[in-house]
Amino acid sequence: MKKMMGTKRWFAALLALVLMLLSVSALGSDAGEILRPGDTGEAVTRMQQRLIELNYLEGVPTGVYDEATEQAVLAFQRRNSLLATGYADSVTLERLYSDGAWENTTWDEWNVFAVEEEAAESGAFILYDAYMGSGMPMKSSIQAEWNTDEYGLIQEGGFVSVSASPLSTFAADVDTSSYAQLRRRILAGDRVPADSVRIEEMLNYFQYNYRAPEGDDPLGVTMELADCPWNEQTKLLQIGLQARTIDETERAPLNLVFLIDTSGSMYGSDRLDLVKRAFLLLLEELKPEDTVSIVAYASMDTVVLEGVPASEKTRIMEGLESLEAAGSTNGGVGLLRAYEIAEKYQRDGSLGRILLATDGDLNVGLTSEADLARLVMEKKKSGISLTCLGFGMGNYKDNKMEALADYGDGNCWYIDTIYEARKALVTEAGGTFVTVAKDVKLQLDFNPARVKGYRLIGYEDRIMAAEDFANDEKDGGEIGSGHRVTALYEIVPAGSDFDFGGVQSKYAADEFREESDGEWLTLNIRAKAPDGDTSALYTYPLTGEAADSLSDNMKFAAAVAETGMLLRGSEWSGSASYGSALSLLRDCGAVSGDPYKEEFLYMVTLLERAQ
């Protein structure tokens, strides 16, 4: 037995070394050779030959990294679940020359219509693993499967009359899972369900050039006002919050519980296998004084490890590697055990957090969204936060994941690739684990002398009553280290002919104080310290005239909003189109050099071509 344990420890250590080397190679240009458009030479010739062999490129190798080669590399990256940049980095080249590289199969080799007909008769969706590099669906594989994804109903907000309701109040939200899900669907050629599109999460996925916090303030605030691109009779207001960044060396010790769904529905390379890889990435970032516990749940819960110092990497890796998917899903009992262990190892000054990795498909015990929400609302009083990491597609329960994160004082990520896992658990780990402001609420007080009406774009499930803004018993949103919050309002200026059906009371005042005439609005923010119970008030008036042109921040945010409205079928989309979103993106200087924004540009290009 000791010999077997020794062998397992040696294997786990070897696996850790391999993953570390792969992690380093994934960092890009600093880790090895990168072939770029415009390059020439033998390396390019060899790459082209391999792309031809795998049916991504036609013709003969030229040795020139031209546009056709770039499109072939993009198609290969997307087909093989790599970060799609069009650049052949070390990770791409390693995959390209491996025996496991996926070949591109042409659509003609499949009887597409027969599969579609069979799926229609059975009620299943067809999931097309397709990537459109020209105007047509490119070479692809087709998989028909049952789809039981669940999303909460989104009731889009319309315009509100300032004379009737001058105050607009909502809780901050930093989740981004909606964007990651729709990205996966768009790149796979699948339709995007309207209720899966949360525009605020699309906006918050990206970096913006926002003002940093000043002094001891936890948040920096940026406000910009300009003409609305999709409605010439309105203005577009962008509000940006930038959280203070806590240096890793100053971070308090983490008390983490990996709560992992090991039910049968988690079987697969994009589910439990990806969960293990994601947590191994995180393990490399933890400090020796951090502690890790692992709880697995299927039909019942199993405590794999508890209170293990993060320095014992081999032991933690063995625990992760021992997990297998089987059985039903009793998530309620798993949550209870996870909170129990988190509370057991919580120390003064430590940051307690449960990382729930699941597809949300709970079918035994507590299964309703309401019951699960009540459970985490009660348990969060112990000071333990909950982060939800969603995996899989086809039976994903987005509504339950969002509810758990919202009521558990945490955040929600959707992880479909190892790159998204790195973003959530490594690149933006500070925002995931370290809260700098909690129960953050925003309230805009519009000046009727300058604003006739307004519409908050997104945040439908974060709207609050005006009276709840100053009530510290009412929850807001948590903002982590380095996180950003972006909100857009479409504003109808006073005197505009735009008719949105607004009403006005006969008792509304006709005269306003002269000193306020120059203000469009006042932004009020309430936030608590991470360990505080009383909120502080921060006030920011917006004065002056609207800008003559959109800044790069506004160009990109407006393009995201247009895309989201079109995917949602918004009645307020006006003249928005994928073409106009593309024009905004191509005119935005902040896109080039940012791989996430470049990928979004590519996605909008696919949507525009697919029309």
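We number each residue from 1, following the sequence as shown. Note that the structure is a prediction, hence the values are computed from the model and not measured.
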Worksheet item: Under a 4.5 Å cut-off applied to non-hydrogen side-chain atoms, are P193 and D149 in contact?
Response: no
Worksheet entry | Validation row: C412, S177 side chains within 4.5 angstrom (heavy atoms) | yes
Discussion item. Less than 6.0 angstrom separating the ring centers of F159 and F498, yes or no?
Written reply: yes
Practice prompt. Begin from the C-alpha positions of Y56 and L96 and carry the test side-chain contact (heavy atoms from CB on, under 4.5 Å) through to its verdict.
Written response: CA-CA 11 Å; Y56 288 92; L96 180 66; 5.9 Å; no
Worksheet entry | Minimum heavy-atom distance between M393 and Y414, given as atom pair plus value | CE-OH, 3.5 Å
Worksheet item: Heavy-atom distance under 4.5 Å between the side chains of H483 and E478, does that happen here?
Response: no
Item to complete: For N524 and T539, test the side chains for any donor-to-acceptor distance below 3.5 angstrom and give the result as yes or no.
Response: yes
Discussion item. Taking the basic N atoms (NZ, or NE/NH1/NH2) and the acidic carboxylate oxygens, is any pair closer than 4.0 Å for E402 and R198?
Written reply: yes
Item to complete: Give a yes or no on whether a salt bridge exists between R184 and D270, defined as a side-chain N under 4.0 angstrom from a carboxylate O.
Response: yes
Worksheet item: Hey, are D587 and K555 close enough for a salt bridge, meaning a charged N less than 4.0 Å from a carboxylate O?
Response: yes
Response to the item:
Smallest heavy-atom separation, P229 atom then S575 atom, equals O-OG, 3.9 Å
Worksheet item: Are the charged groups of E428 and R484 less than 4.0 angstrom apart, N to O?
Response: yes
Worksheet item: Any idea which heavy atoms bring N411 and G431 closest together, and the distance?
Response: ND2-O, 3.6 Å
Worksheet entry | Stacked cation flag R46 on Y97, 6.0 angstrom / 45 deg | yes
Worksheet entry | Donor-acceptor pair, side chain of N553 and main chain of Y208, under 3.5 angstrom | no
Worksheet item: Taking NZ, NE, NH1 and NH2 as the nitrogens, is one of them in E70 or R36 under 4.0 Å from a carboxylate oxygen of the other?
Response: no
Worksheet entry | Intermediate values then yes/no, side-chain contact (heavy atoms from CB on, under 4.5 Å), L74 and Q77 | CA-CA 5 Å; L74 273 169; Q77 289 170 327; 4.0 Å; yes
Item to complete: Mind listing the closest non-hydrogen atom pair of S196 and S178 along with its distance?
Response: O-OG, 2.6 Å
Worksheet item: Under a 4.0 Å N-O cut-off, is there an ion pair linking D406 with R462?
Response: yes
Practice prompt. Under the side-chain contact (heavy atoms from CB on, under 4.5 Å) rule, what do V73 and M47 come out as? Steps first, then yes or no, please.
Written response: CA-CA 9 Å; V73 171; M47 179 183 70; 4.2 Å; yes
Worksheet item: So which heavy atom on K597 is nearest to which on A590, and how close?
Response: CD-O, 3.5 Å
Practice prompt. Taking the side chain as every heavy atom from C-beta outward, state whether T234 and D227 have any pair of such atoms under 4.5 Å apart.
Written response: no
Practice prompt. Salt-bridge test for R568 and E460: reply yes if a basic N is under 4.0 Å from a carboxylate O, no otherwise.
Written response: yes
Discussion item. For a quick test of reading the model, state the closest non-hydrogen atom pair linking L425 to L282 and the distance between them.
Written reply: O-CD1, 3.6 Å
Worksheet item: Given T486, which of Y210, F556, Y205, F206 fulfils the side chain to side chain contact (heavy atoms under 4.5 Å, CB included) condition?
Response: Y210
Discussion item. What verdict does the side-chain contact (heavy atoms from CB on, under 4.5 Å) test give for V91 and Y419, after you've listed the backbone C-alpha separation in whole Å, the side-chain angles of each residue and the deciding distance to 0.1 Å?
Written reply: CA-CA 12 Å; V91 175; Y419 298 100; 3.2 Å; yes
Worksheet item: Taking the six-membered ring where the residue is Trp, are the ring centres of Y489 and F446 under 6.0 Å apart?
Response: yes
Item to complete: Give a yes or no on whether a salt bridge exists between K235 and E224, defined as a side-chain N under 4.0 angstrom from a carboxylate O.
Response: no
Discussion item. If you define the side chain from C-beta out and look only at heavy atoms, does anything of I525 sit under 4.5 Å from Y540?
Written reply: yes
Worksheet item: So does R211 pair up with D217, basic N to acidic O under 4.0 Å?
Response: no
Discussion item. Assess the residue pair R183 and E420 against the criterion (salt bridge (charged side-chain N to carboxylate O under 4.0 Å, His left out)); give the C-alpha distance rounded to whole Å, side-chain angles, the decisive distance to 0.1 Å, and a yes or no.
Written reply: CA-CA 11 Å; R183 177 186 60 196; E420 192 67 14; 3.0 Å; yes
Item to complete: Determine, step by step, whether R244 and E214 satisfy the salt bridge (charged side-chain N to carboxylate O under 4.0 Å, His left out) criterion, reporting the C-alpha distance in whole Å, the side-chain angles of both residues, the deciding distance to 0.1 Å, and the verdict.
Response: CA-CA 9 Å; R244 181 176 303 284; E214 298 178 356; over 6 Å; no
